[in-house]
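For ligands, and for the atoms within them, numbers begin at 1 and follow the listed sequence. Values below: every heavy atom of this structure, side chains too, minus hydrogens, waters and symmetry copies.
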Amino acid sequence: MPETDEFRPENRIGAILVSSRSLDEYRRMFALTDGDLAGRLLDCPGGAAGFTAEVNAAGGTAVACDPVYAHPVEQVRATALESLRRGYAYHQANPDEYVWTYFRDPEHYLRARTGSVELFARDRGAHPENYVEAALPELPFADGQFDLVLSSHLLFSYADRYDREFHLASLRELARVGREVRVFPLVPMGSAENPELAAVRAELAAAGLPTTVRRVGYEFQRGGDTMMTIGGEPPA
Ligand SMILES: C[S@@+](CC[C@H](N)C(=O)[O-])C[C@H]1O[C@@H](n2cnc3c(N)ncnc32)[C@H](O)[C@@H]1O
């Protein structure tokens, strides 16, 4: 494992991680039902998540997009494994920022996320058409092409490098390509608060895209336990 000194709070995480969450994490982060998973799904950004591989293997229809897919699969796999080591070191240096309920301990985290990287790499090798190179705030998809768009750990997470204008343009674009959009988490890395969220929601509502925010049954980053939805059915 790398030294943890470079992950002291003043240095934060460094380059955006290419992370590798599993379908099980996505189910919990986005409160996904079997009905949700039966629709046409977009994972944006897909990173090295196992989500698309696992959904399609189970007979569903999922596509992932991410600018990192400009690179060959072996390179993305190596970047994702490096991200995993960097994330691990960050957790070690900033233990108060995490809640160890979903993952029992750091070893469990490493094992699960490494498994997703390998699933992703095999699936992208076998089905490259399901992994589209694309970068927010402009996506190469038709209006309403997807029933459900999932966006995890880019918007709001990296608020230190993306401004409100980027967030608004990206959220409008996700809502253009999907009938429903879910975003998780709603807090920046290293913080349990998001001072931008209310303003972003107000501007979306003014643009005809009202949002709802609800708590979900997943928390790893402390304070990151809510999801924002645009469109779709109102929560029960
Ligand atoms: C922390 S990962 C999240 C991946 C996946 N959603 C997950 O939860 O495991 C963030 C991803 O955002 C991607 N990314 C960075 N800038 C982006 C942009 N402008 N549009 C779409 N994706 C972007 C990165 O390449 C990286 O794979």
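- Listed by chain and residue number, the protein contacts of ligand 1 are Ile16, Leu17, Val18, Ser19, Ser20, Arg21, Tyr26, Pro45, Gly46, Gly47, Ala49, Asp66, Pro67, Val68, Ala135, Leu136, Ser152, His153, Leu154, Tyr162, Phe166 (heavy atom within 4.0 angstrom).
- The list of salt bridge (charged side-chain N to carboxylate O under 4.0 Å, His left out) pairs with a residue in residues 186-212, not counting sequence neighbours, reads Arg164-Glu196, Arg164-Glu203.
- Partners of Tyr26 according to the ring-ring contact (aromatic ring centres under 6.0 Å, His included) rule, which considers only residues two or more places apart in sequence or in another chain, are Phe30, Phe51.
- For residues 190-228, every residue pair satisfying the ring-ring contact (aromatic ring centres under 6.0 Å, His included) rule, not counting sequence neighbours, is listed here: His91-Phe220, Tyr98-Phe220, Trp100-Phe220, Tyr102-Tyr218, Phe103-Phe220, Tyr109-Phe220, Phe184-Tyr218.
- Electrostatic pairing of Glu118 and Arg122 does not count as a salt bridge here, judged by no charged N lying under 4.0 Å from a carboxylate O.
- A salt bridge links Arg27 with Asp34: at least one charged nitrogen is closer than 4.0 Å to a carboxylate oxygen.
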Review point. side-chain hydrogen bond (donor to acceptor under 3.5 Å, both in side chains) between Ser170 and Arg172: does it pass, once the steps are laid out?
Key: CA-CA 5 Å; Ser170 296; Arg172 280 196 302 266; over 6 Å; no
